[in-house]
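Written below as structure tokens is the structure these notes are about.
Numbered from 1 within each chain, the chains take letters A, B, ... in sequence-line order. Only a predicted model underlies this, so the values are computations on that prediction, with no experimental measurement involved.
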There are 2 protein chains.
Amino acid sequence: MAAGDAGIRHVGSNDLAIWVLDSGTSAAGLFTRSALPGAPITVTKEHIQAAPPRVLVVNSANANAFTGLQGIADCRTIAKAAANAAGCRPEQVLMASTGVIGEPLPAKRIMDRLPELTERIRSDAWQDVAEAIMTTDTFAKGACAQASIDGQRVTLCGVAKGSGMIAPNMATMLAFCFTDARIPEPQLHEMLLKSADRTFNAITVDSDTSTSDMLLLLATGKAGNAPPGTMDDPRFRGFRMALDELLRNLSMQIVRDGEGASKLIEVRISGAESDASARKIAESIANSPLVKTAIAGGDANWGRIIMALGKSGENMQAENLLVRIGGELVARGGQRAESYDESRIAQHLEGDEILIETELQIGSGEYTVWTCDLTHGYISINADYRS
Amino acid sequence: MAAGDAGIRHVGSNDLAIWVLDSGTSAAGLFTRSALPGAPITVTKEHIQAAPPRVLVVNSANANAFTGLQGIADCRTIAKAAANAAGCRPEQVLMASTGVIGEPLPAKRIMDRLPELTERIRSDAWQDVAEAIMTTDTFAKGACAQASIDGQRVTLCGVAKGSGMIAPNMATMLAFCFTDARIPEPQLHEMLLKSADRTFNAITVDSDTSTSDMLLLLATGKAGNAPPGTMDDPRFRGFRMALDELLRNLSMQIVRDGEGASKLIEVRISGAESDASARKIAESIANSPLVKTAIAGGDANWGRIIMALGKSGENMQAENLLVRIGGELVARGGQRAESYDESRIAQHLEGDEILIETELQIGSGEYTVWTCDLTHGYISINADYRS
């Protein structure tokens, strides 16, 4: 991997990253569900099905989204240039872009840097590539995990970026994960889907889903392990746990770095009609500006959680609800709990990890969403910065 | 009507309003769709179906929501006291409350003020009652309209409150409208429903739906006109237009006074698959924190409108979309419009009335939503103020 400055950002920091992948790498990807996806989403979805990938090219500062046929043409030109530089076919090039929507991509500036970048590929440039893909992120995001398959140690490493325009929908913003394990595409895809459902798809900063979300898992197969029979192969249990750990780690870094965030908020719903219902309720709370501002202000205003529960549109009965903040019961039996003590809640809200729990006591559905508070910082970043 | 201070707010301003209604008044009401409605919602829905109303009691500073059986009992006690004071039956008393959720209502303080308030009822205390029902509102909201039925002039007047926790769902916050026209309940209800669908149900400040929303239309019948045959009776065309005007006026006052708002934003969608689809798309744009902060910052970042269109989940084709800001075309044919001139958009965004239009060109569905921008003021109000 290598990072460089293609001059897209106009501020002299790196904005281009490239990975060259071993032959025999299998790939799984999750992509934004936006009805108006960026050009790299369209082209990468096509390429990932066409051939085993050999190159991944990522730029920040321009999303190449809503750029029409020119945006697609720019992707094809870049793929051709990257394929030339790395010695593979254009459909073996995956691409991702993040940044401003609707501005033409300066494709030539990217192409011009590719030969040089492919020449200085290193296997330890994680910090460089993590920094090159940042936009409003305040820190570079990376993580590693390990597992063993048949006694053979395998490694999983990934980088991610994302801070605003974050809402759970397939993948959220950009994340690129790599492993030396040998796992064919169908099982790799299933493992990624399952793991992302409770990690990348369970985070939200501002309920806004990007045009450019992409989560890739690339397995080089260098470890030489025997591939799994099915996704649930018990030999891969450790691998799946390590994948969960990696995706959770990266997705939590995104929430912690949510634009303007000062607190990480975990919204845990249980006893709902179904997991899907629990998820909608958790999202209703996690996306409520009034809940998020109350937490920013350290205000034990639990009535706003009641408001967000009520507006979720999901089945619930007031008298069955149990609502807890920081483990302290605040509501039971359709009203304020008798043991309610505002000072204990206020104390929990002074911390930087906030836990909101609601038991509906009508079923066994459960889901947890992670979000951050809504502060003046979010307004400052987004009312002033073109992102 | 009359207003007084029941000491609920603890700051020495009026927090209680009462209306005494002529006998023969017919009533129509729209109520929050929250699954956890406040006690006055439950009791008023019951009373409005049981008998023609004679009294309306409204308090601010406490929503009497999520207050369990005690909250309902408090409503019944207040209804009894109001009925005694006004000489009617308890089920002829309508009630509404707005303010903090989850705190027990100081019902006795309200009851103690009712005899005195009913004694000093006046027909011209609109400003007093409009002020008494305010919470985070920065100005009192009232409006009047006139129409003629069979050559007879009728008047419509209303007051409203609302500033935060505003999202379209049946009625939004509190609005009480009155007319001297004679219209039986079934037609009155249909007229209110139709008029609210494109006014009160088409506004959003922060996507948060209150537990306490209530919109009432009370027709005293004093004008003595012959009642309408059906809702579409052509004799009542002028009345329906005046009702539209009244509700639009009041709902626009709520959006203009949105917490921290500096700009009124009109989001007009046309050419969608259906009106329902147009509405979802309009709400996706109007509730997007990134669109709202861009407008707060005067940033011509139209890519965020593309993001909000894409995440709406509705049917659309990039190449058919026409997006305009302030009448200026910004996107066409799946990319930035050739005529795009950022300076003209920036100039429009300097004003305090912003127009965002999107034509989907795939059907004839249309809907317009009004919202406001998202500023530091919203954070200041909600991270600090207990509402």
Side-chain angles (χ1 to χ4, degrees), chain A residues 32 34-37 63 65-71 100-104 164-165 167 169 206-211 287-290 293-294 296-297 299 301-304 306-316 318-319 331 333-336 374-376 378-380 382-384 386-387, chain B residues 32 34-37 63 65-71 100-104 164-165 167 169 206-211 287-290 293-294 296-297 299 301-304 306-316 318-319 331 333-336 374-376 378-380 382-384 386-387:
Chain A
T32 183
S34 170
L36 304 171
F66 215 75
T67 43
L69 295 177
Q70 185 59 47
V100 184
I101 296 166
E103 285 195 6
M165 213 178 274
N169 213 347
D206 52 12
S207 79
D208 276 345
T209 302
S210 163
T211 52
N287 284 324
S288 160
L290 289 172
T293 47
D299 180 1
N301 194 341
W302 60 273
R304 293 184 183 175
I306 300 298
M307 175 282 300
L309 286 163
K311 76 162 180 167
S312 69
E314 295 302 303
N315 193 9
M316 64 186 67
E319 56 279 16
Q335 57 192 331
R336 195 164 70 186
L374 175 56
T375 69
H376 283 291
Y378 185 87
I379 309 292
S380 297
N382 287 301
D384 308 333
R386 173 72 61 99
S387 67
Chain B
T32 182
S34 171
L36 304 171
F66 215 74
T67 44
L69 294 177
Q70 186 59 48
V100 186
I101 296 167
E103 285 196 5
M165 215 177 271
N169 212 348
D206 52 13
S207 78
D208 276 344
T209 301
S210 164
T211 52
N287 284 325
S288 160
L290 289 172
T293 48
D299 180 3
N301 194 340
W302 60 273
R304 294 184 182 175
I306 300 298
M307 177 280 300
L309 286 163
K311 76 161 180 166
S312 69
E314 295 302 304
N315 192 9
M316 64 187 67
E319 56 278 18
Q335 58 192 331
R336 195 165 70 185
L374 175 57
T375 69
H376 284 290
Y378 185 87
I379 309 292
S380 298
N382 287 301
D384 309 332
R386 172 72 60 99
S387 66

Self-check item: Interatomic distance, A:L36 atom CG to B:K311 atom NZ [nearest 0.5 angstrom]
Solution: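 Interatomic distance, A:L36 CG to B:K311 NZ, rounded to 0.5 Å: 13.0 Å.
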
Quiz prompt | Interatomic distance, A:Y378 atom OH to B:I379 atom CD1 [nearest 0.5 angstrom] | solution =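 Here the interatomic distance stands at 9.5 Å.
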
Quiz item: Highest number of heavy-atom pairs under 4.5 Å with chain B: which of A:G68, A:G333, A:G310, A:A294?
Solution: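 The residue among A:G68, A:G333, A:G310, A:A294 with the greatest pair count is A:G310.
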
Exercise. Not counting sequence neighbours, which residues clear side-chain contact (heavy atoms from CB on, under 4.5 Å) with B:A63? List them please.
Key: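 side-chain contact (heavy atoms from CB on, under 4.5 Å) check on B:A63 returns B:A65, B:I101, B:S212.
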
Quiz item: With sequence neighbours left out, what residues match A:S312 under side-chain contact (heavy atoms from CB on, under 4.5 Å)?
Solution: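 side-chain contact (heavy atoms from CB on, under 4.5 Å) list for A:S312, sorted by chain: A:I281, A:S284, A:E314, A:M316.
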
Quiz prompt | Region of B:A318 in contact with chain A, defined by heavy-atom distances below 4.5 Å | solution =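 Answer is both: backbone and side chain atoms of B:A318 are under 4.5 Å from chain A.
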
Practice problem: Check whether any side-chain heavy atom of A:Q335 lies under 4.5 Å from a side-chain heavy atom of B:P104, and answer yes or no. | Solution: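 The answer is no, as the side chains (C-beta and beyond) never meet within the 4.5 Å cut-off.
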
Quiz prompt | Heavy-atom pair with the smallest gap, counting every atom of A:A331 and B:F66 | solution =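 In this case the closest contact between A:A331 and B:F66 is CB-CE2, 3.5 Å.
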
